[in-house]
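Atoms within a ligand are numbered from 1 in the order they appear, just like the ligands themselves.
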Amino acid sequence: MLDGGGASAYMPLAMAELDLSRRSSIAAAPPAHPAANLAGMTRDALKEALVRAFELDPRKARMRATQIWRWIYHYGATDFAAMTDIAKDMRARLAERFVIARPEIVERQVSSDGTRKYLLRMGPGVDVECVFIPDVGRAGALCVSSQVGCTLNCTFCHTGTQALVRNLTAAEIVGQVMAVKDDLCEWPSGGDERRLSNIVFMGMGEPLYNLDNVASAIDVLSDGDGISISRRRITVSTSGVVPQMRPLGEATSAMLAISLHAVNDPLRDVLVPINRKYPIAALMDACRAYPGVGNARRITFEYVMLKGVNDSDAEARELVRLLKGVPAKINLIPFNPWPGAPYECSPWARIEAFADIVNRAGYASPIRTPRGRDILAACGQLKSESVKKRASEIRRARAGAP
Ligand code: SAH
Ligand code: SF4
């Protein structure tokens, strides 16, 4: 079980520390000619890489990039030799300079309900989790991480107990999708059945603190000549980074989800501490102004049900009042426990009573069935062992001290 942090089951913590120290030394002295990984690159980055490697003129580079793009993102090719519409000598030159690689799947767990949780290694000491949930959306949804850990400390969230290691790059976000597509045999060679239709940024991290990379990743994932997941099937969840909400909508046209969880500021200040900076009224204004919002593009409000904390009838009524004028649907999430969590999940009857009030006011308010609870893959249970090391700890590890 990945309980208490993914890596511990397969990598002793001491090793993880060693790896972290190695990461810093790699950063200090990169190899002379590292083979660049093309998988995960945006179209522009791919074109630029070709221009630089082969001194191609921009028109030729664009044409070549279009060919390679289709092989990488439509067919899922991992080998230049497969690219049969590219001349043999060019394929060989590509293979000398580049690779097409995925993050390493360090651990894969399959829940009794079919949910799959992956621990992916982005580099030494940098592990993230992502979760595939079947039968969500048109076929299945992949919940991806945007950061290693999270700087915010929502008190009910396991990821929040893990210090931020760093933002993921766009390529690392796309890499999660590609690694899972490999595992699901989701490329054209694997047959017609579509298993992955939706992407949700609800894994580790706060996507709006890493907006540029999230937006570039969405450009790659939604490109019709490649992975081709429509922007309307990509949802970005935020704890409420108000100033970044409009830029998110403008840059990505993605669907928006808000982790609301409380209907008054004093309680939300505790549960979702970013509320102290951007209180509920400012958050709701930003929702009303979200680009493209309307009845066909509703905002999802996530509301975790915490026993005796935020689950009263009065709070359900207040929720309805708060959402007036916002095209919304509400996801009631039974709290997913994790070791040491200071909360309990509301009893089922309480969740249903709460849902009833919201429903009667005309809002869809499905109770989200917890998925993958047995492997700690459910919302808010993700946590990896990648923790930010203080400089002194890294020095100690390098010196071989215990
Ligand atoms: N940082 C972003 C996205 C990741 S969290 C955000 O907070 O929106 C994805 C969702 O899981 C959020 O709605 C979060 O509040 C919820 N969540 C976190 N911990 C949970 C838990 N223990 N049980 C149920 N939902 C949880
Ligand atoms: Fe971070 Fe989201 Fe968890 Fe809050 S709920 S700690 S913002 S991942």
Before you tell me yes or no, could you show the steps for Asn310 and Tyr343 under side-chain contact (heavy atoms from CB on, under 4.5 Å), namely the whole-Å CA-CA distance, both residues' side-chain angles and the distance that decides it to 0.1 Å? CA-CA 11 Å; Asn310 65 353; Tyr343 301 104; over 6 Å; no

N or O pair under 3.5 Å between Ser237 and ligand 1: yes

Between Gly205 and ligand 1, is there a nitrogen or oxygen pair with a distance under 3.5 Å? yes

Where ligand 2 meets Ser239 - atom numbers and elements under 4.0 angstrom, heavy-atom basis: 7 (S)

Has Cys157 got an N/O/S atom less than 2.8 Å from atom 1 (Fe) of ligand 2? no

Pairing donors with acceptors under 3.5 angstrom, does anything connect the side chains of Asp113 and Ser111? yes

Measure up the Phe98 and Phe54 rings against each other and bin them: parallel (under 30°), tilted (30 to 60°), perpendicular (over 60°). perpendicular

Give the atom numbers and elements of ligand 2 that come within less than 4.0 Å of a heavy atom of Leu152. 6 (S), 7 (S)

Ligand 1 versus Glu206: contacting region, heavy-atom distance under 4.0 Å: both

Answer side chain, backbone, both or neither: which part of Thr238 comes under 4.0 Å from ligand 1, heavy atoms only. backbone

Restricting to N/O/S atoms, is Cys154 within less than 2.8 Å of atom 4 (Fe) of ligand 2 or not? yes

Considering only heavy atoms of Cys157, which atoms of ligand 1 have at least one such atom less than 4.0 Å away? 18 (C), 19 (N)

For ligand 1, which atoms, with element, lie under 4.0 Å from some heavy atom of Ile333? 24 (C), 25 (N)

State, to 0.1 Å, how close Phe335 and Met305 come at their nearest heavy-atom pair, and which atoms those are. CB-O, 3.4 Å

Heavy-atom proximity to atom 15 (O) of ligand 1, best of Glu302, Met305, Met202, His261: His261

Spacing of OG belonging to Ser237 relative to CD belonging to Glu206, to within rounding of 0.5 Å: 7.5 Å

Working to the nearest 0.5 Å, report the span between OG of Ser146 and CG of Asn213. 9.5 Å

Does one side chain, of Trp71 or Gln67, offer a donor that lies under 3.5 Å from an acceptor on the other? no

Side chain, backbone, both or neither: which part of Trp338 has a heavy atom under 4.0 Å from ligand 1? side chain

Test item, Gly203 contacting ligand 1 (heavy atom, 4.0 angstrom): yes

Between Asn336 and ligand 1, which part of the residue brings a heavy atom under 4.0 Å of the ligand: side chain, backbone, both or neither? both

What are the atoms of ligand 2, with element, lying closer than 4.0 Å to any heavy atom of Cys150? 1 (Fe), 6 (S), 7 (S), 8 (S)

Using a 4.5 Å cut-off on heavy atoms from C-beta on, say whether the side chain of Leu168 contacts that of Gln176. yes

Worked verdict on Phe301 versus Tyr363 for ring-ring contact (aromatic ring centres under 6.0 Å, His included): CA-CA 11 Å; Phe301 288 84; Tyr363 290 100; 8.7 Å; no

Ligand 1 atoms in contact with Val304 (distance to a heavy atom under 4.0 Å): 23 (N), 24 (C), 25 (N)

Looking only at the side chains, is there a donor atom on one of Asp223 and Tyr73 sitting less than 3.5 Å from an acceptor on the other? no

